Amino acid sequence: MAFWNKRRGGPRSNEMGAGGDASAAAEDLSADQGSRGLPSFQESVGGATRSTRSDPLRARMRTAFTPSQPVSDVRMFAGRHDLLRSIIRAIEDQHLHVVLFGDRGIGKTSTLHVLSELAGKAGYVVRYTSSGESSSFDEIFRSVLADVPLLYHADFDPALGSAEGQDTLASILPPHPLTVADVTRIMGKLTATRLLIILDEFDRCESEQFRRSIAELVKNLSDRSLPVQLVIGGVAANLSELIEYLPSIRRNILGLPMPSMTTGELKEIVAIGSAVSGLPYEAEAVEQIAESANGSPYLGSLLGQHAGIAALDRGAEEVSRRDVQAAIALALREMELRISPESLRAIRGVTDAALQATLATLAREALTTLGRVETPELAAHRVAIDRPNLDRLEREHGVIERTTAGGVEAYRFRDQSAPLLVWLQKLQADVAPEGRG
């Protein structure tokens, strides 16, 4: 099979040897890109290009901040010491099961990854898994038990050994779908170890039967004092939203809300990123990132990374407030591409200064309350928020809607992505005059 080579005006074969014509073609293509002013990758998979070797700061910046991925390395983990201490004490001292709940992007998965690493170092057998929309009890626990060594089963005789591929608990599972009774019976035979099961993204599973089975398993494990504990993580405003059938298991679990990060913890994110990349951040830049992040580790990491790259792009040796302003502008442009066109038009249609201030206040609160802002909370802010402003945002612009839960009036954004967009708009507006100067 042949392809037409526009550069040489003749056909070329796709059967090229490594390092031969293919390498030359790659060099030609690279030259074409450079001559046409096209952007190019700075790093090649499986190796480093010349530009990466000459710009190690930029290469390290890619790993210094990971806003789109959870932190899995303890060395990169910032803050949350008190929360981790509470989880560990609940597991170790009280043998409780733990439920960690909170908003998206607040750091639950990163915390659970680090907890997994710490428990593993302490000798626990740790199995981390995530729920999906259609997850079943059988699917989840076959996966978990398939990773638990058979040698921890009380009936296992080391002298007899085990056949190849039959050295985990998977080899003794029944052929029918696993029930809570099956899993309880097998876990009741565990000895000489402690098993920690981390079940993340629990909110994604829509099966009521799955949730009921998990609650029943928690009760069985606790009632029989078995050496197995569950740590469950998910998006929820409170414990009851995440775990149904609480009355029967409330005394067996510790529910911990995932708090927003403090300013100090957000500064620690930037400090770690600076240390890993080797690029210094001015104190004022660090302060601005921490304040702009509004308690969100995701936003703190995103602005930290964007600001660092902005500084490198202009050839600076230190990240300044100017780079943070560029980071905010870039984050806003990215967010505008993610939100629906209808929501973007509605938000841009709010041009009245008083309504914009009200909307920004709602957005700031919504980012820390799963999008639902109770009316009494608004009175604590300096920005005056009155009923007419809220009514106009709801009826004229359709950006928010009124809800009532438990007899408490609240407002929420119709688009769950809107609060972050509105907050970034406010941040850009706040720095725009200084940026123009």
Side-chain angles (χ1 to χ4, degrees), residues 67-68 103-106 235 260 288-296 298-307 309-310 313 321-375 377-379 381-403 409-437:
S68 61
D103 207 347
R104 293 175 179 83
I106 201 65
V235 175
S260 298
Q288 187 177 10
I289 291 172
E291 291 295 331
S292 299
N294 189 36
S296 167
Y298 162 75
L299 192 51
S301 183
L302 180 68
L303 295 179
Q305 184 183 68
H306 280 347
I309 292 174
D313 284 345
R321 288 177 59 89
R322 169 184 176 181
D323 301 307
V324 179
Q325 293 165 10
I328 292 171
L330 177 56
L332 176 57
R333 290 197 299 273
E334 292 175 344
M335 195 63 218
E336 288 175 341
L337 296 174
R338 296 175 185 171
I339 198 169
S340 71
E342 295 79 14
S343 295
L344 184 58
R345 282 194 297 269
I347 293 169
R348 285 176 172 173
V350 180
T351 57
D352 180 87
L355 293 185
Q356 288 178 340
T358 299
L359 198 61
T361 300
L362 286 171
R364 180 170 190 167
E365 286 300 305
L367 287 171
T368 61
T369 58
L370 275 80
R372 185 177 183 275
V373 184
E374 295 183 358
T375 307
E377 296 175 357
L378 301 177
H381 293 276
R382 290 177 295 176
V383 177
I385 298 178
D386 54 21
R387 178 73 65 183
N389 284 345
L390 295 172
D391 288 344
R392 288 182 62 190
L393 287 171
E394 180 182 14
R395 297 175 184 176
E396 294 180 19
H397 299 281
V399 179
I400 63 173
E401 60 185 1
R402 192 180 316 176
T403 66
E409 183 186 63
Y411 289 86
R412 67 185 179 194
F413 285 80
R414 293 183 185 274
D415 189 320
Q416 65 178 4
S417 300
L420 181 55
L421 173 66
V422 173
W423 178 244
L424 288 170
Q425 284 180 333
K426 180 186 184 303
L427 293 176
Q428 187 180 50
D430 287 346
V431 302
E434 180 179 343
R436 286 194 297 266

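The model shown is predicted, which means the values in this text are computed figures rather than measured ones.
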Discussion item. Quick check: closest heavy atoms across Asp415 and Ser343, and the distance to 0.1 Å?
Written reply: OD2-OG, 2.8 Å

Fill in: Distance (rounded to the nearest 0.5 Å) between Leu393 CG and Ile400 CD1
5.0 Å

Item to complete: Please list, chain by chain and in numerical order, all residues satisfying side chain to side chain contact (heavy atoms under 4.5 Å, CB included) with Gln305, sequence neighbours excluded.
Response: Phe65, Pro67, Ile309

Response to the item:
Contacts of Asn294 meeting side chain to side chain donor-acceptor pair (under 3.5 Å) (sequence neighbours excluded), chain-then-number -> Arg364

Discussion item. Among residues at least two apart in sequence or on other chains, which ones pass side chain to side chain donor-acceptor pair (under 3.5 Å) with Thr368?
Written reply: none

Item to complete: Begin with the C-alpha distance, continue with both residues' side-chain angles, and end with the deciding distance and a verdict on side chain to side chain contact (heavy atoms under 4.5 Å, CB included) for Ile339 and Leu420.
Response: CA-CA 10 Å; Ile339 198 169; Leu420 181 55; over 6 Å; no

Identify all side-chain donor-acceptor contacts of residues 349-357 below 3.5 Å with residues at least two apart in sequence or on another chain.
| from | atom 1 | to | atom 2 | distance (Å) |
| --- | --- | --- | --- | --- |
| Asp352 | OD2 | Ala354 | N | 3.0 |
| Asp352 | OD2 | Leu355 | N | 3.0 |
| Gln356 | NE2 | Val350 | O | 3.0 |

Response to the item:
All heavy atoms of Ala418 vs all of Ile347, minimum pair found to be CB-CD1, 3.8 Å

Worksheet item: salt bridge (Lys or Arg N to Asp or Glu O under 4.0 Å): which pairs involve residues 328-347, sequence neighbours left out?
Response: Glu336-Arg348

Worksheet item: What are the two closest heavy atoms between Ala363 and Pro419, and how far apart are they?
Response: CB-O, 3.4 Å

Discussion item. Holding to side chain to side chain donor-acceptor pair (under 3.5 Å), I want the full list of residues that pass it with Arg414, two or more places apart in sequence or in another chain.
Written reply: Glu401

Fill in: Residues in side chain to side chain donor-acceptor pair (under 3.5 Å) contact with Arg322, at least two apart in sequence or another chain
none

Fill in: Working for side chain to side chain contact (heavy atoms under 4.5 Å, CB included), residues Val373 and Thr361
CA-CA 10 Å; Val373 184; Thr361 300; over 6 Å; no

Worksheet item: Below 4.5 Å, heavy atoms only, C-beta onward: do Ile328 and Ser292 meet side chain to side chain?
Response: yes

Worksheet entry | Non-hydrogen side-chain atoms of Tyr411 and Glu394 separated by less than 4.5 Å | yes

Discussion item. Please find the pair of heavy atoms, one from His306 and one from Ala331, that lie closest to each other, and give the distance.
Written reply: CD2-N, 4.1 Å

Worksheet item: Which heavy atom of Phe413 sits nearest a heavy atom of Leu359, and at what distance?
Response: CE2-CD1, 3.6 Å

Discussion item. Under the rule for side chain to side chain contact (heavy atoms under 4.5 Å, CB included), what residues qualify as partners of Ala346, not counting sequence neighbours?
Written reply: Val399

Discussion item. Using a 3.5 Å distance criterion without hydrogens, assess whether the side chain of Trp423 forms a donor-acceptor pair with backbone atoms of Glu365.
Written reply: no

Worksheet entry | Qualifying residues under salt bridge (charged side-chain N to carboxylate O under 4.0 Å, His left out), relative to Glu396, sequence neighbours excluded | Arg392

Worksheet entry | Flag if over 12 foreign heavy atoms under 6.0 Å of CZ, Arg402 | yes

Worksheet entry | Leu427 vs Leu332 side-chain heavy atoms within contact, under 4.5 Å | no

Worksheet item: If you measure from CG on Leu330 to CE on Met335, what distance do you get to the nearest 0.5 Å?
Response: 13.0 Å

Worksheet item: Looking at side-chain heavy atoms only, is the closest gap between Gln288 and Gln325 below 4.5 Å?
Response: yes

Worksheet entry | By side chain to side chain contact (heavy atoms under 4.5 Å, CB included) - contacts of Ala293 (at least two apart) | Leu266, Leu299

Worksheet item: Does some side-chain heavy atom of Leu344 sit less than 4.5 Å from a side-chain heavy atom of Leu421?
Response: yes

